[in-house]
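Shown next, in structure tokens, is the structure this report addresses.
What's counted below: heavy atoms across the whole structure, side chains too, no hydrogens, waters or symmetry copies.
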Amino acid sequence: MFDKILIANRGEIALRILRACKELGISTVAVHSTADADAMHVRLADESVCIGPPPSKDSYLNIPALLAACEITGADAVHPGYGFLSENARFAEILADHNLHFIGPKAEHIRLMGDKIEAKKTAKRLGIPVVPGSDGAVTPDQDAMAIAKGIGFPVLVKAAAGGGGRGMKVAHTEADLQLALTTAANEAKSAFGDASVYLEKYLQKPRHIEIQVLGDGRGGAIHLGERDCSLQRRHQKVWEEGPSPVLDAAARAKIGNTVAKAMQELKYIGVGTVEFLYEDGEFYFIEMNTRIQVEHPVTEMITGIDLVLEQIRIAAGGDLPMTQDAVVINGHSIECRVNAENPVSFRPSPGKIQQYHPPGGLGVRIDSAVYQGYVIPPYYDSLVGKLIVHGKSRVECLMRLRRALDEMVVDGIETTLPLFRALVREPAIIDGDYHIHWLEQYLAGQKTD
Ligand code: ADP
């Protein structure tokens with residue numbers, strides 16, 4: 001096992017990793033920018049190192065500064081969390097070159113899944129169903145039009161290096177294709193430094209359903225069921241739940257086993273998520289994330305497995321915590337991502353938290369790094385915290401979420417709590433009857449069907 005882990009992240013995920021380390025008896029090193037000197041992860045870690053000024057590129061993305069922090073503190077492994085360097089294959093290789101463990105998959109798998117065109121080809125080869133689309137990158141000339149016509153409109157132009165919904169444009173008709181191709185390529189070029197784009201059938205009312213996997217790197221892999229992340233705004237998840245209101249045990253086992261088998265063949269190591277769109281009973285692979293995800297607590301609540309702890313154990317050479325047969329899905333869980341944003345305009349609302357009262361009680365979990373008097377800096381994402389609720393049934397879970405949301409107080413800044421209080425009372429949400437465009441239509445005040 002590792003002796004000392006450096007946590008190359010901030011906010012709630014840094015705290016989440018710290019908790020797992022403490023339970024494993026591993027020493028912790030927090031790193032922080034000058035803007036985060038008062039952050040909770042810094043206070044709770046055994047040691048801390050300032051790695052630079054506020055902008056992420058100068059601090060949390062600053063590889064030389066992170067290496068120096070490992071050297072100074074004698075850390076033997078680095079946990080990247082999510083975002084920042086978590087899916088940077090080069091970072092994993094650099095760490096290895098310095099005899100440091102990267103707590104994540106092999107660099108080759110990060111690279112493979114980071115290129116969405118290659119990822120899709122690999123998925124197809126491994127027997128995972130994919131969205132119909134171009135076989136590779138397309139260029140904005142005749143070949144793109146011919147391919148789009150073959151797929152059938154509407155089509156979605158997606159960036160090969162995509163992430164966070166950037167570099168994605170819909171072309172509803174032939175007349176829209178040219179513009180969609182150039183805007184997506186330009187956006188991809190400026191966001192990822194890679195202008196390659198590809199085409200996919202644009203699904204009209206799918207759900208976003210993802211499978212959590214755990215691999216031991218030696219050909220063993222299990223799946224831990226699904227999370228339904230269909231409630232999204234601008235392709236960003238807002239509310240996640242598990243199990244999905246539309247999957248039964250047989251459907252779960254079928255897709256779960258397909259994914260687990262693929263991971264066994266890849267000899268995948270650590271935690272990973274294989275994301276699908278789901279429409280009319282069919283699954284379509286869109287991408288794989290080779291890291292711990294924001295919404296991982298949903299799976300923890302319904303399986304009882306500590307994913308971050310297992311991720312660390314497996315990175316240190318440990319075995320899978322259990323066999324597939326021993327994985328039991330218990331009850332229902334919902335996570336709300338509470339952001340420091342205006343609940344209507346979604347404008348970021350950084351600033352000082354004057355009053356803070358997190359809800360509690362049976363089946364209620366808060367993953368957050370804020371406290372009363374904490375100042376949310378304007379430089380990073382706007383997550384205040386994740387409210388995660390568990391119940392024996394979906395109905396119990398919804399009632400518990402309703403009361404937990406009503407109890408929660410975050411004053412001094414604007415948050416998206418009012419949006420969640422409204423959503424938990426919406427008939428379509430209560431019925432579990434929503435798809436990936438539902439929330440945007442709801443926010444636009446349109447009638448949804
Ligand atoms: P990113 O890496 O940018 O997050 P994804 O491929 O994971 O991109 O897609 C993010 C979201 O975009 C999905 O959850 C879904 O809402 C939407 N999306 C992606 N592909 C399609 C598609 N073919 N049809 C309709 N919506 C899609």
Problem set entry | Salt bridge Glu23-Arg19, side-chain N to carboxylate O under 4.0 Å | no

Problem set entry | Between Gln293 and Thr273: side-chain donor-acceptor atoms closer than 3.5 Å | yes

Exercise. Could you walk me through whether His79 and Arg291 pass the side-chain contact (heavy atoms from CB on, under 4.5 Å) check?
Worked result: CA-CA 10 Å; His79 196 307; Arg291 54 170 165 82; over 6 Å; no

For this session: Measure from the ring center of His437 to the ring center of Tyr202 and say whether it is less than 6.0 Å.
Result: yes

Exercise. Is Glu240 salt-bridged to Lys237, cutoff N-O under 4.0 Å?
Worked result: no

Exercise. Hey, does the side chain of Ser244 reach the backbone of Asp228 with a donor-acceptor pair shorter than 3.5 angstrom?
Worked result: no

Problem set entry | Test ring pair (Phe, Tyr, Trp, His ring centres under 6.0 Å) applied to Tyr380 - qualifying residues, sequence neighbours left out | Tyr60

Seminar exercise, completed: For Pro206 and Leu203, the nearest pair of non-hydrogen atoms, with its separation, is CD-O, 3.4 Å

Problem set entry | Heavy-atom side-chain contact between Glu275 and Met288 under 4.5 Å | no

Exercise. Taking NZ, NE, NH1 and NH2 as the nitrogens, is one of them in Arg166 or Asp194 under 4.0 Å from a carboxylate oxygen of the other?
Worked result: no

Exercise. Judged by atom type as modelled, is there a donor-acceptor pair below 3.5 Å linking the side chain of Ser382 to the main-chain atoms of Asn339?
Worked result: no

For this session: Assess whether atom NZ of Lys254 is packed by more than 12 heavy atoms of other residues, nucleotides or ligands within 6.0 Å.
Result: no

Problem set entry | Intermediate values then yes/no, side-chain contact (heavy atoms from CB on, under 4.5 Å), Leu44 and Met40 | CA-CA 6 Å; Leu44 291 179; Met40 207 47 145; 4.3 Å; yes

Exercise. If every non-hydrogen atom of Gly360 is compared with every non-hydrogen atom of Glu407, which pair is closest and at what distance?
Worked result: N-OE1, 3.3 Å

Exercise. Has the side chain of Gln232 got a donor or acceptor atom that lies under 3.5 Å from a matching backbone atom of Cys229?
Worked result: yes

Problem set entry | Exercise: identify the closest heavy-atom pair between Ser134 and Ile151 | N-CD1, 3.9 Å

Exercise. How about Pro350 and Ile413: do any of their side-chain heavy atoms sit closer than 4.5 Å?
Worked result: no

Problem set entry | Nearest atoms (heavy-atom pairs only) where Val344 meets Asn342 | N-OD1, 2.7 Å

Exercise. Side chain of Ser230, backbone of His435: donor and acceptor closer than 3.5 Å?
Worked result: no

For this session: May I ask you to test the His208-Glu210 pair for a side-chain heavy-atom distance under 4.5 Å?
Result: yes

Exercise. Could Glu295 and Arg337 be called an ion pair, given the rule that one side-chain N must be under 4.0 Å from one carboxylate O?
Worked result: yes

Exercise. With a 4.0 Å cut-off, would you call Glu287 and Lys116 a salt bridge?
Worked result: yes

Exercise. Within the side chain of Asp176, is there an N or O that forms a donor-acceptor pair under 3.5 Å with the backbone of Thr173?
Worked result: yes

Problem set entry | Arg365/Glu300 ion pair, N-O < 4.0 Å | yes

Exercise. With distance as the sole test, does Ser86 use its side chain to make a donor-acceptor pair with the main-chain N or O of Pro80 at under 3.5 Å?
Worked result: no

For this session: Sorted by first residue and then second, give each salt bridge (charged side-chain N to carboxylate O under 4.0 Å, His left out) pair with at least one member in residues 344-358; sequence neighbours left out.
Result: none

For this session: Please determine which of His332, Glu335, Lys386 meets the side-chain contact (heavy atoms from CB on, under 4.5 Å) test together with Val298.
Result: Glu335

Exercise. Is the number of heavy atoms from other residues, nucleotides or ligands under 6.0 Å of Tyr356 OH greater than 12?
Worked result: yes

Exercise. How about Ile7 and His41: do any of their side-chain heavy atoms sit closer than 4.5 Å?
Worked result: no

Exercise. Any donor-acceptor pair under 3.5 Å linking the side chain of Asp36 with the backbone of Ala39?
Worked result: no

Problem set entry | Asp306 bridged to Arg16 by N-O distance under 4.0 Å | yes

Seminar exercise, completed: Heavy atoms of Lys201 and Val131 approach each other most closely as O-CG1, 3.5 Å

Problem set entry | Exam field: side chain Glu396 to backbone Gly391, donor-acceptor pair closer than 3.5 Å | no

For this session: Mark yes when over 12 heavy atoms from residues, nucleotides or ligands other than Asp135 sit less than 6.0 Å from its CG; otherwise mark no.
Result: no

Exercise. Is there a donor-acceptor pair closer than 3.5 Å between any side-chain N or O of Thr415 and the backbone N or O of Val338?
Worked result: no

Exercise. Taking atom types as modelled, is there a side-chain donor on Arg43 or Tyr371 under 3.5 Å from an acceptor on the other?
Worked result: yes

For this session: Would you mind checking if Glu426 and Arg421 are paired as a salt bridge, meaning a charged N to carboxylate O distance below 4.0 Å?
Result: no

Exercise. Would you say Pro358 and Met408 make side-chain contact, with heavy atoms under 4.5 Å?
Worked result: no

Exercise. Does Arg403 CZ have over 12 foreign heavy atoms under 6.0 Å away?
Worked result: yes

Exercise. Where the side chain of Gln311 meets the backbone of Leu307, is there a donor-acceptor pair that is under 3.5 Å apart?
Worked result: no

Problem set entry | Close side-chain approach of Phe91 and Val78, heavy atoms under 4.5 Å | yes

Problem set entry | Polar contact flag, side-chain donor to acceptor under 3.5 angstrom, Gln212-Thr299 | no

For this session: Compare all side-chain heavy atoms of Ser48 with those of His32 and state whether any distance is below 4.5 angstrom.
Result: yes

For this session: Answer whether the closest heavy-atom distance between the side chains of Val29 and Asp46 falls below 4.5 Å.
Result: no

Problem set entry | Test: Arg207 cationic atom under 6.0 Å from Phe283 six-membered ring centre, within 45° of axis | no

Seminar exercise, completed: Closest heavy-atom pair, Asn9 versus Gly81, reported as atoms and distance to 0.1 Å, is ND2-CA, 3.7 Å

Problem set entry | Check ion pair Arg233-Glu440 (N to O, under 4.0 angstrom) | no

For this session: Answer yes when Glu118 and Lys121 have at least one side-chain N-carboxylate O distance shorter than 4.0 Å, and no when they do not.
Result: yes

